[in-house]
Amino acid sequence: MNFQTCLMHAIDTVLASDLPDDNFAAAVNDQAKLMAGIAPEDDPTDGFDYH
């Protein structure tokens with residue numbers, strides 16, 4: 001599963017948690033990292049070339 005797919009699943013998971021809006025983005029990012037097997041402190045975009 002790629003990271004974008006994990007983000008989509010993470011959005012669904014975090015929406016069910018009913019978190020405050022100011023915590024939503026960070027929670028989605030952390031959940032997606034966990035689902036992708038990436039440590040929360042790591043940046044999943046390392047090594048990507050955005051051209």
- Rounded distance [0.5 Å steps], CG in D12 versus CD in Q31: 11.0 Å

- Task: Identify whether L15 and L19 are in the same connected component of the hydrophobic contact network (ILVMFWY, side-chain heavy atoms under 4.5 Å).
- Result: yes

- Task: First locate atom SG of C6, then atom CD1 of I38, and finally report the distance between them rounded to the nearest 0.5 Å.
- Result: 7.5 Å

- Given the rule in the side-chain contact (heavy atoms from CB on, under 4.5 Å) test, do F3 and K33 qualify, once you have shown the distances and angles that lead to the verdict? CA-CA 8 Å; F3 190 69; K33 287 178 182 180; 4.0 Å; yes

- Message: Tell me which one of T5, L7, I11 satisfies side-chain contact (heavy atoms from CB on, under 4.5 Å) with H9.
- Response: T5

